[in-house]
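Here, residue 1 is the first one in the sequence, and each next residue gets the next number.
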Amino acid sequence: MADHKNPPVGIWQNVKPFINGGASGMLATCVIQPIDMIKVRIQLGQGSGIHVARSMLREEGLGAFYKGLSAGLLRQATYTTARLGSFKILTNKAIEANDGKPLPLYQKALCGLTAGAIGASVGSPADLALIRMQADYTLPQTQRRNYKNAFHALTRIVTDEGVLALWKGAGPTVVRAMALNMGMLASYDQSVELFRDTIGLSEASTVVGASAVSGFFAAACSLPFDYVKTQIQKMQPDAHGNYPYSGSLDCVVKTLKAGGPFKLYTGFPVYCIRIAPHVMVKL
């Protein structure tokens, strides 16, 4: 006889966090894609945010701000779906183990780190396609890949470079996601508790305030890894078949020698602006 007091959890309850996470991530991408595009161009040494935006509008037209949108949406459908779904499941399990009490900050951070690693592993191929499509115009005409859309990019990468090339830059991608999630998800929940429960702000003010705090900490934690990830994923071999960096660590060392630690924080204001809308829409 079925236990009506404790009915079994339906499939939808398990799938819902993943569906909501992916859908909200895709919506957020449509909002912040132009900012993300500018951020990548800044990291590739194209100048300040205002200079990059003006140059793109003048030389490439308005559509340039949405180059790589298909890859961005695919990335959210994979990366964010897995990341936010995993985070929700992990935090729910942790709350159950904690007898229903709110989680301390370190447990939220651990859940965020784990969920970030899972999401990045799943979404790394789409992230690679996104960076290459966004960076294509910065390359010399003869070196441009001219991907038509995300699926064309993934097919070309597999054909030209092999299946494993889809996870090129996966190391810094995973570390970036772990750092970003630790900063974003943990600080957001903690900020909501502070603004709503301690200070007593309204729901709207709480969301805006928590998103601003969360965006800052997420950017501060993850931007160095995001910078390295971008450099690794967009690089092309020279005439002798040599790449500018042999790996992530080599990229970090050469970057520090060339510009010091602050070079890894290139485009920090734009990166903060990029993350905050994601936090508002997704969380």
Side-chain angles (χ1 to χ4, degrees), residues 25 28-29 31-53 68 72 75-76 79-80 83 109 112-113 115-117 119-120 123-124 126-128 130-132 134-135 138 168-188 190-191 210-235 244-245 247-283:
T29 290
V31 175
I32 60 90
Q33 181 70 10
I35 302 173
D36 191 53
M37 187 73 182
I38 293 171
K39 183 267 297 181
V40 170
R41 294 287 181 91
I42 292 174
Q43 290 180 332
L44 296 179
Q46 298 297 300
S48 67
I50 295 176
H51 173 75
V52 168
R75 178 178 179 274
Q76 295 302 329
Y79 164 67
T80 305
R83 178 171 67 93
L113 284 169
S124 188
D127 190 61
L128 174 64
L130 173 62
I131 293 298
R132 287 191 175 185
Q134 289 178 323
T138 66
K168 185 175 290 184
T173 298
V174 169
V175 177
R176 168 197 176 274
M178 292 172 68
L180 187 146
N181 273 275
M182 182 181 70
M184 178 190 288
L185 299 174
S187 64
Y188 183 84
Q190 205 70 19
S191 298
S211 297
V213 172
S214 178
F216 175 84
F217 279 103
C221 290
S222 65
L223 183 53
F225 305 107
D226 185 83
Y227 179 89
V228 173
K229 174 185 76 71
T230 299
Q231 306 307 314
I232 295 295
Q233 290 180 328
K234 70 92 181 179
M235 64 181 182
Y245 307 112
S248 301
L249 184 59
D250 183 51
C251 179
V252 171
V253 171
K254 288 180 178 177
T255 300
L256 291 176
K257 286 182 178 179
F262 288 109
K263 183 69 173 178
L264 295 170
Y265 280 90
T266 299
F268 183 77
V270 175
Y271 192 57
C272 286
I273 295 171
R274 174 199 179 280
I275 289 178
H278 258 295
V279 180
M280 290 182 185
V281 175
K282 289 191 285 192
L283 302 180

Exercise. Could you pull out all residues at least two apart from Met37 that satisfy side chain to side chain contact (heavy atoms under 4.5 Å, CB included)?
Key: Arg41, Met56, Lys67, Gln134
Self-check item: Listed partners of Ala126 passing side chain to side chain contact (heavy atoms under 4.5 Å, CB included), at least two apart
Solution: Leu74, Arg75, Thr78
Quiz prompt | Shortest non-hydrogen separation from Ala219 to Tyr265 and the atoms involved | solution = O-CE2, 4.4 Å
Quiz item: If you look at every heavy atom in Ile38 and Ala53, which pair is closest and at what distance?
Solution: CD1-CB, 4.0 Å
Quiz prompt | Which residues share a side chain to side chain contact (heavy atoms under 4.5 Å, CB included) with Gln233, sequence neighbours left out | solution = Asp127, Leu128, Ile131, Thr173, Lys229
Quiz item: What are the two closest non-hydrogen atoms of Ala177 and Tyr79, and how far apart are they?
Solution: CB-OH, 3.7 Å
Quiz item: CZ of Phe216: more than 12 outside heavy atoms within 6.0 angstrom?
Solution: no
Self-check item: Between CD1 on residue Ile42 and NE2 on residue His51, distance to nearest 0.5 Å
Solution: 10.5 Å
Atom pairs and distances, donor-acceptor, side-chain atoms in residues 250-259, under 3.5 Å, two or more places apart:
from   : atom 1 : to     : atom 2 : distance (Å)
Asp250 : OD2    : Ser246 : N      : 3.0
Asp250 : OD2    : Lys254 : NZ     : 3.2
Lys254 : NZ     : Pro244 : O      : 2.8
Thr255 : OG1    : Cys251 : O      : 2.7

Exercise. Any pair with a residue in residues 217-227 that passes side chain to side chain donor-acceptor pair (under 3.5 Å), sequence neighbours left out, goes on the list, sorted by first then second residue, please.
Key: Lys39-Asp226, Gln43-Asp226, Arg176-Asp226, Ser222-Tyr271
Practice problem: Quick one: closest heavy-atom pair of Phe268 and Ala220, and the distance? | Solution: CE1-N, 3.7 Å
Quiz item: Can you tell if the side chain of Val175 reaches within under 4.5 Å of the side chain of Val228, non-hydrogen atoms only?
Solution: no
Quiz prompt | Which atom of Ser191 lies closest to which atom of Val213, heavy atoms considered | solution = OG-CG1, 3.3 Å
Exercise. Give the minimum heavy-atom separation between Thr138 and Leu44, together with the two atoms involved.
Key: OG1-CD1, 3.9 Å
Quiz item: Quick one: NZ on Lys168 to CE on Met235, what's the gap to the nearest 0.5 Å?
Solution: 6.0 Å
Practice problem: Would you please name every residue forming a side chain to side chain contact (heavy atoms under 4.5 Å, CB included) with Val174, sequence neighbours left out? | Solution: Ala117, Ala120, Ser121, Met178
